[in-house]
Amino acid sequence: RKEVEQDPGPFNVPEGATVAFNCTYSNSASQSFFWYRQDCRKEPKLLMSVYSSGNEDGRFTAQLNRASQYISLLIRDSKLSDSATYLCVVKSGGSNYKLTFGKGTLLTVNP
Amino acid sequence: EAGVTQSPTHLIKTRGQQATLRCSPISGHTSVYWYQQALGLGLQFLLWYDEGEERNRGNFPPRFSGRQFPNYSSELNVNALELEDSALYLCASSGLPLSGPQHFGDGTRLSIL
């Protein structure tokens, strides 16, 4: 099982749609979780951290399920500008920690 | 505040040559991370430096090496370049080595001919 696995893309949705991405991780000792966004041929940028209690930032909601070892990202009322690749990121390793990135899910929001 | 800066933007080499990539972290950040983003493989962790020392490395051969300078900038060196080393190399920095998000530079696109 891969360390971090994401929904296979691509996702093509119309403007205004709600879209959800899931991500599973294999290391039960993983400590922190993030969603990054990467635009085509650009660097990844932090979208939001994911907390155990779930957290929301505007149209974006992230949730963590430690028992099932998955995290999710929900985008409501999607905009054209949301078109990007969304990367699930897991931090683990204690003092030798590293970030492990999923391969990403491509989202295209269509007019 | 300036972000993470990387140079050069593009680098073209031939097989067997050596490449040096450079990264300057955000001011005040002591940790620098290197990643390789090859087509179809996603972001792969390469190296982590903090306070001038290598703290962790990913599953890459020894010809991938680097260092961190007293001003926290960093170099990634790739020796004996192979065709499959063609990729985007991203540098990231964070202020707290064991927590907090990483902020990425624009990357160096390395092409091996």
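Model, not experiment: these values are computed from the prediction. Reminder, nothing fancy here: chain letters follow the sequence lines and each chain counts from 1.
Atom OH of Tyr36(A) is separated from atom CZ of Phe104(B) by 5.0 Å, given to the nearest 0.5 angstrom.
Within 6.0 Å of the CG atom in Asn59(B), the count of heavy atoms belonging to other residues, nucleotides or ligands does not exceed 12. Surrounding CZ of Phe69(B) are more than 12 heavy atoms belonging to other residues, nucleotides or ligands, all under 6.0 Å away. Other residues, nucleotides and ligands contribute only 12 or fewer heavy atoms inside 6.0 Å of the CZ atom of Arg15(B).
Contacts of Gln44(B) with chain A are absent, with no heavy-atom separation under 4.5 Å from either backbone or side chain. For Leu90(B), the part lying near chain A is the side chain, with the backbone staying farther off; criterion is any non-hydrogen pair under 4.5 Å.
Cluster membership for Leu43(B) and Leu106(A), using ILVMFWY side-chain heavy atoms within less than 4.5 angstrom, is not shared.
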